There are 2 protein chains.
Amino acid sequence: MSRKTFQRLSLDARRKSLMEATLRCVARYGLSGATVRRITEEAGVTAGLVRHYFGSKDELIGNAYAYLAGQLTAEAGSRAKQSEGDPVDQLRQFLLANMTTPNLSEEKVSLWATFIGRVRYEAAFADIHREGYREFLALLEALIEPVLALHGLPHGASACRRHAIALNGLIDGLWMEGSLNSGLYGRALLPELILEAGERLLGLPAGSLQDQKKTQDS
Amino acid sequence: MSRKTFQRLSLDARRKSLMEATLRCVARYGLSGATVRRITEEAGVTAGLVRHYFGSKDELIGNAYAYLAGQLTAEAGSRAKQSEGDPVDQLRQFLLANMTTPNLSEEKVSLWATFIGRVRYEAAFADIHREGYREFLALLEALIEPVLALHGLPHGASACRRHAIALNGLIDGLWMEGSLNSGLYGRALLPELILEAGERLLGLPAGSLQDQKKTQDS
DNA sequence: CGAGAAATTATTCAAGTGTATAACAAGGTG
DNA sequence: CACCTTGTTATACACTTGAATAATTTCTCG
């Protein structure tokens, strides 16, 4: 009747491991089905650790949600920043990042939807969502502005904001439906679709986002 | 120690009442928190009735999801059909229906997201979702085609389909973000935004969807 | 290498879960 | 108005849940 042998992990490593196990469980079993026992089994530890590291299950789940939201914007943002200098290519990379792996993932979409469903009624989730949404929108606005300017289009604050709201809607919608409905149309369609639609939405000359070559001004 | 007095309801009425109570509970408490006891208390009956009318809790929740999905497309579809004859106005009404009450509702968005989050992992939900999505997409395609034709734009099956996918993404995204983020921008913005964005997405002449007057061809 | 602090496990508990079964009462039918 | 079907309530049960507590093991630091 020996006890389970175990290994002490650093605070950050254990917390991360628990949050990731939480996300896997929430995706597979839903918020309800993600019980403390399942989560900790998935992480290879016993249930007591949740209390030790997060105080309560709710706290753990809240942290896991924030962790996911951060991952999503960080991935898209970093891909945009990678192509430095060219504003058009930055916007292109940002859009593409949301229509390809790792962000385009059925598990991530499921998680995201599950949490979004609680935003309205649970204050903790609402805060996390608002923060993430504001960040995403600001990033998108900043990417749009120089592109509009480059093409001689109106690029005042209010115009940029409107475009950002619409484009964000398009991204979210395509991202979600695209991940879930891979049966109805190949998901290879999504990258070209978002570039074409983004172009039209912003009123850019046809091909300016789609064509790989450097921006060709009119 | 008298028993609770009760009233016998018709099969349809009781089923509907139970499904609506289910939706209210799922919205407020999540799929996990929507327990049989809470649902039946909300409906003003006792827990045994779930077994009697639906066999099991899962069955009840599945039916409630299908009921919700039906409501959403029916509302938008019927609003489109109301303005008979003019294809442009039909499309306009369809878009507007998704950006105004009763479809634009935080509760409905929460419900929708909650269910969507389970689609990937629960076969019953997947079937309901796929069916609803296909229906919505087909409806949108049918509305788009004559509008494109009217403006002398390419309106082959594949073009219509691409447009429908993108437009559906935009609708879903705006619908969801718009309902949840009413703090960041007034939701009065959404109707005009969807008309303007829809216009651009389809390549229609500016103002053809937004202006109330009858379609002014170029 | 030994002791003390802290991480981890093991056990326990009360509250709540879905569902099965039995008792009851409402309302149509004769 | 009495009967009988069945919609509805009431009760019971086995099981799971999140959390609290106590017992142990691991690792660090002197």
Side-chain angles (χ1 to χ4, degrees), chain A residues 1-65 114 118 122 124-125, chain B residues 1-26 28-65 114 118 121-122 124-125:
Chain A
M1 318 304 86
S2 62
R3 280 199 161 204
K4 181 181 177 187
T5 69
F6 61 90
Q7 195 181 354
R8 293 171 99 122
L9 246 55
S10 81
L11 186 140
D12 279 355
R14 184 107 294 164
R15 279 177 66 93
K16 192 176 158 194
S17 137
L18 279 170
M19 290 189 296
E20 286 173 348
T22 300
L23 291 180
R24 285 194 297 272
C25 286
V26 170
R28 271 208 276 283
Y29 310 111
L31 270 178
S32 34
T35 67
V36 169
R37 284 172 174 82
R38 262 209 269 250
I39 290 169
T40 49
E41 182 190 20
E42 173 84 20
V45 297
T46 53
L49 279 201
V50 165
R51 177 175 163 78
H52 193 262
Y53 281 100
F54 293 92
S56 76
K57 182 200 177 187
D58 284 352
E59 205 65 28
L60 166 59
I61 290 194
N63 278 77
Y65 176 28
T114 299
R118 304 306 315 139
E122 258 156 75
F125 288 173
Chain B
M1 317 307 86
S2 62
R3 281 199 161 206
K4 182 181 176 187
T5 69
F6 60 90
Q7 196 180 354
R8 292 172 103 120
L9 246 57
S10 82
L11 187 138
D12 279 356
R14 183 107 294 165
R15 280 177 66 93
K16 192 176 159 197
S17 137
L18 278 171
M19 290 189 295
E20 287 174 348
T22 300
L23 291 180
R24 284 194 296 273
C25 286
V26 170
R28 270 208 278 282
Y29 310 111
L31 270 178
S32 33
T35 68
V36 169
R37 284 171 174 83
R38 262 208 269 248
I39 290 169
T40 49
E41 183 192 18
E42 172 84 20
V45 297
T46 53
L49 279 202
V50 165
R51 176 175 164 78
H52 193 262
Y53 280 100
F54 293 91
S56 74
K57 181 198 176 187
D58 284 350
E59 205 66 30
L60 166 59
I61 290 193
N63 279 77
Y65 176 28
T114 299
R118 304 305 316 139
Y121 300 93
E122 259 156 74
F125 288 174

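Just so we're clear, the structure is a prediction, and the values are computed from it rather than from any experiment.
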- Rounded to the nearest Å, what distance is computed from the OH atom of residue B:Y29 to the P atom of nucleotide C:dT17? 11 Å
- Specify the residue among B:T46 and A:R38 whose closest nucleotide of DNA chain D lies further upstream toward the 5′ end. B:T46
- Listed nucleotide nearest any side-chain atom of B:L49, set C:dT8, D:dT8, D:dA19: D:dT8
- Which is true for A:V45 with a 4.0 Å heavy-atom rule: it touches a base, it touches only sugar-phosphate, or it touches nothing? sugar-phosphate
- Side-chain N or O of A:R14 less than 4.0 angstrom from OP1 or OP2 on C:dT8? yes
- Would you classify A:F54 as touching base, sugar-phosphate or nothing, given that sugar-phosphate means primed atoms plus P, OP1 and OP2, and contacts are heavy atoms under 4.0 Å? nothing
- Rounded to whole Å, the CD1-C1' distance (B:I39 to C:dT19) equals 14 Å
- Message: I want to check something: taking the side chain as every heavy atom from C-beta on, are A:L11 and A:R15 in contact at a cut-off of under 4.5 Å?
- Response: yes
- Rounded to the nearest 0.5 Å, how far does CG of A:N63 lie from CG of A:D58? 11.0 Å
- Among the nucleotides D:dG7, C:dT19, C:dT8, which one has an atom lying closest to any side-chain atom of B:Y53? D:dG7
- Between C:dA7 atom C1' and A:D12 atom CG, what is the distance in whole Å? 15 Å
- Message: Could you tell me how far apart A:L11 (CG) and C:dA6 (P) are, to the nearest whole angstrom?
- Response: 13 Å
- Note on the structure: Rounded to whole Å, the CG-C1' distance (B:L18 to D:dT8) equals 12 Å
- Spacing between A:L31 atom CG and D:dG18 atom P, to the nearest angstrom: 11 Å
- Message: Taking atom types as they are modelled, would you say the side chain of B:R37 forms a donor-acceptor pair with the base of C:dG16 within the 3.5 Å cutoff?
- Response: no
- Just call it for A:T35: base, sugar-phosphate, or nothing, with non-hydrogen atoms closer than 4.0 Å on any strand. sugar-phosphate
- Message: Expressed as a whole number of angstroms, how long is the span from B:E59:CD to C:dG18:P?
- Response: 15 Å
- Task: Report the distance from atom CD1 of A:I39 to atom CG of A:L49, rounding to the nearest 0.5 Å.
- Result: 12.5 Å
- C:dT17 C1' sits how many Å from B:E41 CD, rounded? 15 Å
- Message: Keeping B:R28 on the side-chain end and B:L23 on the backbone end, is there a donor-acceptor pair under 3.5 Å?
- Response: no
- Query: Are B:H52 and D:dT8 close enough that a side-chain N or O sits under 4.0 Å from OP1 or OP2?
  - Reply: no
- Query: Does the side chain of B:I61 come within less than 4.5 Å of B:F54's, by heavy atoms?
  - Reply: no
- Query: Does B:V36 or A:G48 map to a spot on DNA chain C nearer the 5' end, using the closest nucleotide for each?
  - Reply: A:G48
